[in-house]
Amino acid sequence: MSLAEYLSYVPDDLIVEILSRLPVKDLMRFRCVCKTWKSIIFDRSFVKKHLERSSKKIHLIITREEVLYDGFDYDYGDAYAIPYSINQLFENPSSDVDEDDYYQLNGYWIIGSCNGLVCLGGYHGEEDTIYEYWVQFWNPATRMKSRKSPRLHVNPCCQGFDPSNSIGFGFLYDDLSAIYKVVSVLSNCRSKKTEVWVYNLGGNCWTNIFSCPNFPILRQNGRLVNGTINWLAIDMSSSHYEERNDIIDPLVIFSVDLQKDTYKYLLLPKGLDQIPDNDQLRIVELRDRLCLYHDRNATHFVVWQMREFGVEKSWTLLMKVTYNHLQIPYPPDRPLLPFCISENGEVLMLVNNDVLNMTFYNRRNNRVEVIPIPNNNAWWQATNYIPSLVSPFQN
């Protein structure tokens with residue numbers, strides 16, 4: 001009996017049920033079994049079913065940038081994006097990854113990931129010229145990539161590298177409209193307003209959906225939490241704000257809701273609205289919760305977690321540990337990076353890009369384990385990712 005004849009005896013519903021539980025890599029192989037299976041695997045309803053079952057299998061896209069140090073300066077080389085299982089990192093962090101999974105970024109940076117799609121950002125511009133930004137969508141699991149989006153043109157006086165004149169991006173899926181959206185927040189130096197621009201996947205232009213009082217964002221990708229995109233920003237409406245270099249800028253979290261086309265700002269934990277060095281305070285999303293991390297007095301590394309999004313009183317101190325206990329003899333030049341947190345919330349994995357180590361800190365028993373980063377000639381960054389069949393060509 002041939003395979004096709006054997007499969008004819010298996011009910012279609014059972015085949016769909018079995019296939020929907022398999023990893024994407026297996027499905028990419030099984031699509032070649034027969035035309036029926038290929039049709040099932042790329043059917044919209046099957047893709048949705050598979051995504052719902054994959055949503056708990058969180059992976060990371062690790063951005064690895066080659067770097068060489070000659071004793072005087074760093075020389076940056078190629079940058080790659082590599083899918084990693086969080087379980088793999090916790091259980092066997094030094095394990096190798098198949099080189100076929102490496103994706104060369106070619107000048108792009110990762111804006112974010114949603115439902116298995118990774119949003120890549122690119123730009124072009126020279127001094128005193130109009131800067132052009134665009135995005136492109138990539139599915140690491142299926143290796144499919146979209147065309148480049150239309151260009152977003154930005155006047156150079158409105159974008160520079162100064163935190164008070166910045167542009168930021170974020171990526172999300174709007175459940176109400178069933179559309180993937182890229183949002184850009186621009187501090188317009190002429191109008192003294194913050195402009196919010198949106199590009200819909202498959203669209204033909206960027207749209208300015210609203211403007212609001214100026215909240216210049218610190219130069220970092222927006223973090224997707226609870227259907228909103230969030231950035232650290234300077235609160236220029238604060239009575240503490242003064243445009244002088246010796247004044248510490250008051251900070252808030254600028255949060256944009258694209259379903260309602262609204263914004264709000266969230267207060268930081270008490271005492272963190274002003275810190276000596278804005279670059280030392282960052283936000284990150286860990287298992288669908290907004291977190292803040294920073295250096296404290298060059299002696300401790302601190303992570304805060306917002307237990308209930310939007311509720312400022314729910315800020316909770318997740319960890320406050322001395323560098324000495326983390327087996328770091330001095331505060332790193334680059335802030336430690338909270339890479340991920342275990343499913344039970346007890347173990348945090350931190351990356352030290354200064355000495356290229358991974359540190360596992362157990363909050364329950366205060367234990368620390370330090371291991372070298374695999375391929376340790378590179379800086380590491382991370383983006384949450386769910387392997388799925390979602391296509392960047394369909395919406």
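Bear in mind the structure is a predicted one, so any value in this text is a computation, not a measurement. Residues take their numbers from the sequence shown, with the count starting at 1.
Going from atom CD of Glu312 over to atom CG of Leu268 covers 9.0 Å, rounded to the nearest 0.5 Å.
Placement of Leu290 and Leu317 within a single hydrophobic cluster is found when ILVMFWY residues are connected by side-chain heavy-atom separations under 4.5 Å, directly or transitively.
For Glu346, the salt bridge (charged side-chain N to carboxylate O under 4.0 Å, His left out) partners are Arg364, not counting sequence neighbours. With sequence neighbours excluded, the residues satisfying ring pair (Phe, Tyr, Trp, His ring centres under 6.0 Å) with Phe137 are Phe171. Residues satisfying the side-chain hydrogen bond (donor to acceptor under 3.5 Å, both in side chains) criterion with Thr63, sequence neighbours excluded, are absent altogether. By the ring pair (Phe, Tyr, Trp, His ring centres under 6.0 Å) test, Trp206 is found to be paired with Tyr199, residues two or more places apart in sequence or in another chain being considered. For Trp138, the side-chain hydrogen bond (donor to acceptor under 3.5 Å, both in side chains) criterion is met by no residue, not counting sequence neighbours.
For the residue pair His50 and Pro387, the shortest heavy atom distance occurs at CE1-O, 4.4 Å.
Taking 4.5 Å as the limit, every side-chain heavy atom of Ile328 sits out of range of all side-chain heavy atoms of Phe301.
Surrounding CG of Asn204 are at most 12 heavy atoms belonging to other residues, nucleotides or ligands under 6.0 Å away.
With 3.5 Å as the limit, one finds no donor-acceptor pair spanning the side chains of Glu195 and Asn208. Of the N and O atoms on the side chains of Asn230 and Thr228, at least one donor lies less than 3.5 Å from an acceptor on the other residue.
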Quiz item: Between Ile229 and Phe169, does a side chain to side chain contact (heavy atoms under 4.5 Å, CB included) hold up when you go through it step by step?
Solution: CA-CA 9 Å; Ile229 303 291; Phe169 292 87; over 6 Å; no

Would you tabulate the side-chain donor-acceptor contacts of residues 107-122 under 3.5 Å, counting partners in other chains and residues two or more places apart, or write 'none'?
{"unit_1": "Tyr108", "atom_1": "OH", "unit_2": "Trp134", "atom_2": "NE1", "d": "3.0"}
{"unit_1": "Tyr108", "atom_1": "OH", "unit_2": "Gln136", "atom_2": "OE1", "d": "2.9"}
{"unit_1": "Trp109", "atom_1": "NE1", "unit_2": "Asn221", "atom_2": "OD1", "d": "3.2"}
{"unit_1": "Ser113", "atom_1": "OG", "unit_2": "Leu117", "atom_2": "O", "d": "3.1"}
{"unit_1": "Ser113", "atom_1": "OG", "unit_2": "Asn384", "atom_2": "O", "d": "3.4"}
{"unit_1": "Asn115", "atom_1": "ND2", "unit_2": "Tyr180", "atom_2": "OH", "d": "3.2"}

